[in-house]
Amino acid sequence: MAGVLADPGLYRFTGGAPPTPEALRSRYARMAAGSPDPAIAWCNWLIGLRDEGRLTGTVQATVTYPVVTGRDPVAEIAWVVGAPWQGRGIATEAVRGLAGWLADRSVHRLVAHIHPDHHASAAVARALGLAPTPYVQDGEIRWARRPDGGHHPPGGGADADHSARS
């Protein structure tokens with residue numbers, strides 16, 4: 001994955017820099033250990049292309065359960081696909097698979113934070129049924145989908161709580 005994530009262009013909207021292989025190993029070890037908070041689950045997958053026999057990105061969800069929010073569980077989702085594989089629908093397919101996996105576990109509230117100029121990620125979010133909300137966190141717009149699959153009205157809705165960032 002270090003090679004997939006090595007392109008500095010991947011960090012144009014999110015900030016940061018490509019991780020070293022050592023930093024990536026450390027990050028993956030923390031992810032595999034799981035959240036120290038029992039009310040929060042970290043769900044992380046690598047995206048691979050069978051035909052090419054290679055990894056191309058990641059998809060993840062940080063799920064916060066009702067004990068924290070007092071409401072239905074909410075999943076903060078995120079994704080990244082390496083530059084050579086962008087524009088092929090890989091992120092959309094992976095995020096749809098993630099949403100289906102979450103729905104099978106009764107997690108239907110989804111949110112994502114997307115930079116206002118990141119049109120490719122906005123298209124992925126739209127394909128999943130998310131819509132932009134008026135909320136901005138760290139310069140990124142919160143996108144959300146109601147549990148019934150609809151969108152939140154401007155200025156409010158069930159996405160008003162502050163879920164964990166992935």
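E93 and R96 are not joined by a salt bridge, as no carboxylate oxygen comes within less than 4.0 angstrom of a charged side-chain nitrogen.
Interatomic distance, OG1 of T56 versus CD1 of I90, reported as 4.5 Å (0.5 Å rounding). Interatomic distance, CG of L55 versus CD1 of I47, reported as 9.5 Å (0.5 Å rounding). Rounding to the nearest 0.5 angstrom, the gap separating the OG1 atom in T133 from the CZ atom in R142 is 6.5 Å.
Counting heavy atoms from C-beta outward, V74 and V111 have side chains that approach closer than 4.5 Å. Counting only heavy atoms from C-beta outward, the side chains of L46 and M1 approach each other to under 4.5 Å. Residues I40 and T64 form a side-chain contact, since some pair of their non-hydrogen atoms from C-beta on lies under 4.5 Å apart. Looking at heavy atoms from C-beta onward, S121 lies in side-chain contact with W79 at the 4.5 angstrom threshold.
Nearest heavy-atom pair, W42 versus P36, reported as atom, atom and distance to 0.1 Å: CH2-CD, 3.9 Å. Here the shortest heavy-atom pairing between E140 and T14 reads OE2-CG2, 4.4 Å. Counting all heavy atoms, side chain and backbone alike, L98 lies closest to Q60 at CD2-O, 3.5 Å. Taking each heavy atom of G57 and V4 in turn, the nearest pair found is N-CG1, 4.0 Å.
Ring orientation note: the planes of W45 and W101 are nearly perpendicular, at an angle over 60° on the 30°/60° scale.
Surrounding CZ of R12 are at most 12 heavy atoms belonging to other residues, nucleotides or ligands under 6.0 Å away.
Hydrophobic clustering (ILVMFWY, side-chain heavy atoms < 4.5 Å, transitive): F13 and L128 are in distinct clusters.
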